[in-house]
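Letters go in sequence order (proteins before strands), and every chain restarts at 1.
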There are 2 protein chains.
Amino acid sequence: MSIDREGVRAPYLQLADILRTRIQTGEIPTGRKLPSQMELEQEFDLSRNTIKKALDVLKAEDLIETAPGRGLFVKNSKAE
Amino acid sequence: MSIDREGVRAPYLQLADILRTRIQTGEIPTGRKLPSQMELEQEFDLSRNTIKKALDVLKAEDLIETAPGRGLFVKNSKAE
DNA sequence: ATCCATTTGTTCGTATGTATT
DNA sequence: GAATACATACGAACAAATGGA
C-alpha cells in the first residue's frame, strides 16, 4: 500500500486510512507498537508533519496512543 | 515476571510495579533486604540507571529505604 | 589499621523517540 | 523541513559507605 500524491484525498488521510485498516484487521494488535514516525516517513515517503497529522487523526479516534520516548501504541484493535 | 520492552508502560515503571507487588503481598516482609541493584540488573536485564529510577519511585512511596554500602530494605510491607 | 569486595549515590555521554514551535 | 525540548534507556566512571578478612 502506498500514498497517491495526485489523488483527491489528502495524503495524511490516506495514511490514516492505511494504518486504521492495519489496526482494525488486527494486523497490529492492541498494545503492540506501531512503526516509529521515522520508519513511517521512510515507508511512505512522507514528511514528518504529514505523518504526525495522520497520527493525530487516529488519536482523535482513540485508536492509538503515543508515549513520549517510547513510541506509538495500538489502543483498540477492534471496536468495543 | 519480566519486563515488556515493547509495552506502553516504561520499563522502570513496570519494575516498580513488580517490586511493589512483591512488597505489598508480603513476599518480601518489612525489614528484609531486597535484591541488590546489581542482582536486579541481571534478573530483569535492565541498566542500573533504570533500576535506580524504579527504586526512586518506591522510595517516594515510602515502601523501601536504601542504605549505602548495605542494600535495599523494605520499609512497609503492608499499608498501615 | 589495611585491604578488598560489595553496594548505593552521582554524574556524564550517547542514543532513540516523541512533542513543540 | 529544521530546531529545540523533553522522556526514556544504556554504559561507563568515580565517590562514599559498609563489612569482612
Round to a whole Å and report the spacing from [atom1] of [X] to [atom2] of [N].
X	N	atom1	atom2	value
A:Met38	D:dA2	CE	P	14 Å
B:Leu15	D:dC10	CG	P	11 Å
B:Ile3	D:dT8	CD1	C1'	14 Å
B:Gln37	D:dA17	CD	C1'	13 Å
B:Leu46	D:dG11	CG	P	10 Å
A:Phe73	D:dT8	CZ	P	12 Å

Let me spell it out: for each of B:Ala67 and A:Arg70, pick the nucleotide of DNA chain D with the closest heavy atom. Which residue's pick is nearer the 5' end?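 On the 5' side of the pair lies A:Arg70.
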Residues from residues 47-54 of chain A sitting under 4.0 Å of DNA chain C, heavy atoms only? A:Arg48, A:Lys52
Does any N or O in the side chain of [X] come within less than 3.5 Å of the main-chain N or O of [Y], such that one atom is a donor and the other an acceptor?
X	Y	value
A:Glu39	A:Ser36	yes
A:Thr25	A:Thr21	yes
A:Arg70	B:Gly7	yes
A:Gln37	A:Lys52	no
A:Glu65	A:Lys59	no
B:Arg48	B:Leu40	no

Inspect the contact between B:Asp4 and B:Arg9 and indicate whether a charged nitrogen and a carboxylate oxygen are less than 4.0 angstrom apart. no
Writing each nucleotide of DNA chain C 5' to 3' as (, ), [, ], | or . by Watson-Crick or G-U pairing under 3.5 Å yields .||||||||||||||||||||
Describe the nucleic acid contact of [X] in one word from base, sugar-phosphate, nothing, applying a heavy-atom distance below 4.0 Å.
X	answer
A:Lys33	nothing
A:Leu72	sugar-phosphate
B:Arg5	sugar-phosphate

Would A:Lys75 and A:Ile64 count as a side-chain contact (heavy atoms from CB on, under 4.5 Å) here? Give the steps. CA-CA 5 Å; A:Lys75 208 164 172 190; A:Ile64 66 169; 5.5 Å; no
Is there a side-chain contact between B:Leu55 and B:Leu19 in this structure, where contact means two heavy atoms from C-beta onward sitting under 4.5 Å apart?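 Touching, per the 4.5 Å side-chain cut-off.
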Rounded distance [0.5 Å steps], CG in B:Leu15 versus CE in B:Met1: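 One finds 11.0 Å between CG of B:Leu15 and CE of B:Met1.
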Leading and trailing nucleotides of DNA chain C with any atom under 4.0 Å from heavy atoms of chain B: C:dT7 to C:dC12
One pair to check against salt bridge (Lys or Arg N to Asp or Glu O under 4.0 Å): B:Arg20 and B:Glu27. What are the steps and the verdict? CA-CA 10 Å; B:Arg20 188 184 305 105; B:Glu27 185 182 333; over 6 Å; no
